[in-house]
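Below is one structure, written out as structure tokens; comments come after it.
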Amino acid sequence: MSTAPIAATPPEQLQSVVFDATLEGRIRELLSRYPTTRAALLPVLWLCQERYGWISPGVVRAVAERLGESPATVDGVVTFYTMFYTSPPARYVLQVCETLSCAVCGGAELLHHLEKRLGVKAGEKTADGLFQIVGVQCLGACGSAPVVQVNDDYYENLTLERLDALLDELAGRS
Amino acid sequence: MEPVLLRARGVPDSRAVDTYLSAGGYQGLRKALLLGPDAVTKEVLDSDLRGRGGAGFPTGRKWTFVPKDHPGPRYLICNADESEPGTFKDREIIEHDPHMVLEGIAIASYAIRANTAYIYIRGEFVRWARILEQAIAEARARGFLGPDVLGSGYGLDIWVHRGAGAYICGEETALIESIEGKRGFPRLKPPFPAVVGVFGKPTVVNNVETLACVPHIIERGAAWFASIGRPKNTGPKLFCVSGHVRRPGVVELPLGVTFREIIEEHCGGIRDGHTLKAFFPGGSSAPVMTAAEVDVRADFDACAEAGTMLGSGGVIVLDDSVDMVGAAANLAHFYAHESCGQCTPCREGSDWCMDILDRILDGRGRAEDPETLLRICRFASQGMTICPLGDAFALPISSIVKKFHEELESAIRRAAPRPQSKLPVLPWNGPRPGFGA
Ligand SMILES: Cc1cc2nc3c(=O)[nH]c(=O)nc-3n(C[C@H](O)[C@H](O)[C@H](O)COP(=O)(O)O)c2cc1C
Ligand code: SF4
Ligand code: FES
């Protein structure tokens, strides 16, 4: 398995956002699934995050305009959920599960090891923008603790050695 | 027990529709369409199937709450949020047998006369959302879904709706708000979703595992299903076993086996050199059990009698290396992070418990802390909040305070921080820069 990196569009290119025909086509398809326009908000935000890497204020305005909501409404939803990035993420976001089953099966060691190896604290990005560590809550994979999610992919039953090998591989590829 | 829900685990290419068909798949749906909606509901009622999402509510009964004479659309929602700590069974079903879930959704939707169903899946489960989408496309191509299901004239669309990171969206009314494109703020009940649900229409919310039982009930009959397990606690159940057992994972057993059997016979027992100290029987929101309570039966009623909950069937096993104050603090962090913030007792209470427990771990405990913790927990439960998340944090914490009182007292007496290496607690980072709230 190889995890695809996130390519975040730089903030200056996301100040005023116009959806291209592909994106617009997919938005229209999403709208057909629900009886209200508002219900397409989460799927449209996911679509934008896939395309741009994160949800900038410009993206919020464009989504609001497209769905006929106020930017404040859209922003309120974006910030309620933990998975929408409101600033450009690193290429690889290392989401370390902090909850009980992982914590008692080596999750704490993984997190401390990552902080030491990358020289940044949980919540921060490395200077080269390659890695970002995030502590997250139970990922629903507790039987194979400890678990780290990297971008979209789960890495389970991790040991320090396997985590190091993974980081080497990801760093080598970028 | 012959595997029912996990029969596809280990079968090559188990997710493909043809594999499912060759195992007898979609026969339940065929039969349901011949029986008619009311007979389907009757069969599920007779099976005594109870919801596998946490509350154990009788599934057939829930379906009968949908008003028959309602003129407009109704909806079925499959809850694949799988957010209760210690729970990882729905993912196992989807990984090996997505069509079993789709068939269950189709039969349930038909029973309540819904023409649209949504699968709400947690945002982190990207792989499993894709698996479901692929299975839906296959099922549609074969006529099991779409405008005319198997030529019966009944139409059904199923859409996958991804969450975006919020434990509370597993709670059915928060989930409904989330589908409507809002923040996941639970609604006051009543009205119950079966009457006023998503888009203001009658809606049934059922868990993945609950729905996966349905095709088997229709195909093999209510009596067959009810012959597994114990009276009023019928059928096979997936137990998710995590923590300090030799072989953690998902096991399928009849309801009513004991926790000792689950832990010792099916998960290899506690890891070498250690003994069982405590376990959460049904996800982290259930009151904790001690090693002395391991012979309790794992079913809804036996757990309730023992003062705990079967919940989602997430058995979190802790051995004698675990500091129970640390475990309580870890869970307090979780609930403080996940409280949606609408109700004061839950928002402030979970945070306050977290602060007190962290302070105790820091070597700055106070004699009155146990009493304060219990008081906060009392204030956040028993109907003082909009949704049961108040109880969900109060029950595990207050049960640890009561059942591990001496350990808590000695932690309070210790005037030095616990060595960091011993802590199962990780830092909760608070609001994360760039990561929303
Ligand atoms: C805080 C909270 C979290 C919940 N999380 C889930 C969940 O992740 N999955 C689930 O199926 N039910 C969850 N539930 C239970 C649902 O509200 C609902 O009862 C369930 O989906 C109904 O399905 P069932 O009748 O098939 O069990 C949760 C409840 C609460 C209060
Ligand atoms: S009990 Fe907690 S999670 Fe539930 S509605 Fe109130 S504040 Fe939100
Ligand atoms: S506790 Fe880490 S995945 Fe559940």
Side-chain angles (χ1 to χ4, degrees), chain A residues 33-46 54 67 69 73 76-89 95-96 98-105 107-109 111-112 121-125 132 134-145 149 151-154, chain B residues 73 82-88 90-91 116 122-127 157 159 161-167 178-184 199 240-244 248-250 280 284 314 316 318 321-322 327 330-331 333-334 337-338 340 423-429 432-437:
Chain A
R33 301 178 178 189
Y34 307 95
T36 67
T37 308
R38 171 89 186 252
L41 179 50
L42 257 63
V44 169
L45 286 170
W46 274 125
W54 62 295
L67 300 183
E69 299 290 341
T73 300
V77 171
V78 168
T79 54
F80 179 85
Y81 298 94
T82 54
M83 293 183 75
F84 293 127
Y85 302 146
T86 52
S87 63
Q95 302 152 83
V96 186
E98 296 187 340
T99 312
L100 193 56
S101 302
C102 284
V104 299
C105 292
E109 286 79 4
L111 188 72
H112 296 146
K121 291 263 167 241
E124 296 172 353
K125 273 197 274 190
Q132 179 165 8
V134 189
V136 297
Q137 304 303 318
C138 178
L139 288 166
C142 334
S144 31
Q149 183 174 11
N151 299 353
D152 285 349
D153 298 330
Y154 275 51
Chain B
E82 190 121 281
S83 53
E84 175 71 20
T87 313
F88 43 97
D90 300 341
R91 168 178 101 133
T116 307
R122 60 179 299 166
E124 294 86 348
F125 279 2
V126 184
R127 170 184 167 86
D157 283 319
W159 304 113
H161 188 100
R162 286 178 63 207
Y167 166 60
S178 185
I179 291 188
E180 291 183 0
K182 301 175 189 159
R183 306 188 216 189
F199 310 120
C240 321
V241 189
S242 65
H244 292 139
V250 184
F280 290 91
S284 67
I316 306 173
L318 304 175
S321 71
V322 173
N330 180 287
L331 293 179
H333 279 249
F334 173 82
H337 183 263
E338 300 297 335
C340 86
L423 289 184
V425 187
L426 291 158
W428 172 53
N429 304 309
R432 299 172 193 135
F435 281 85

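Sequence lines set the chain letters: A, B, ... in the order given, protein chains first and strands last, and positions in each chain run from 1. Excluded from the calculations below are hydrogen atoms, water molecules and symmetry mates; all remaining heavy atoms, backbone and side chain alike, are included.
- Chain B forms more heavy-atom pairs under 4.5 Å with one residue of A/C138, A/P88, A/A40 than with any other, namely A/C138.
- For A/A103 against B/N330, the heavy-atom pair with the smallest separation is CB-ND2, 3.5 Å.
- Heavy-atom minimum distance, B/F88 versus A/G140: CB-O, 3.2 Å.
- Going from atom CD of A/E98 over to atom NE2 of B/H337 covers 8.0 Å, rounded to the nearest 0.5 Å.
- Each of B/R91, B/E124, B/E82 was compared with A/L139 under the side-chain contact (heavy atoms from CB on, under 4.5 Å) criterion, and only B/E124 meets it.
- Contacts of A/S144 with chain B are made by side-chain atoms alone, with heavy-atom separations under 4.5 Å and no backbone atom involved.
- B/S284 does not touch chain A: none of its heavy atoms, backbone or side chain, sits under 4.5 Å away.
- Here the CZ-OG1 distance, from B/R183 to A/T79, works out to 6.0 Å after rounding to the nearest 0.5 Å.
- With a 4.5 angstrom heavy-atom cutoff, A/A145 does not touch chain B via any of its atoms.
- Residues that satisfy the ring-ring contact (aromatic ring centres under 6.0 Å, His included) test with A/Y34, not counting sequence neighbours, are B/Y118, B/H161.
- Counting heavy-atom pairs closer than 4.5 Å to chain A, the top residue among B/G184, B/C340, B/G249 is B/G184.
- Counting heavy-atom pairs closer than 4.5 Å to chain B, the top residue among A/C105, A/A141, A/P43 is A/A141.
- Rounding to the nearest 0.5 angstrom, the gap separating the CG atom in A/L41 from the CD atom in B/E180 is 12.0 Å.
- A/W46 approaches B/G123 most closely through the heavy-atom pair CZ2-CA, 4.2 Å.
- A/L100 places none of its side-chain heavy atoms less than 4.5 Å from the side chain of B/P85.
- Applying the side-chain contact (heavy atoms from CB on, under 4.5 Å) rule to B/E338 yields the partners A/Q137, B/Y167, B/F334; only residues at least two apart in sequence or on another chain are considered.
- Comparing B/H244, B/E84, B/R127, B/R122 by heavy-atom pairs within less than 4.5 Å of chain A, the highest count is held by B/R122.
- Residues B/S178 and A/F80 fail the side-chain proximity criterion, which asks for heavy atoms closer than 4.5 Å.
- Rounding to the nearest 0.5 Å gives a distance of 9.0 Å between CD of A/Q149 and CZ of B/F125.
- Closest non-hydrogen pair, B/S242 versus A/C142, comes out as CB-O, 3.4 Å.
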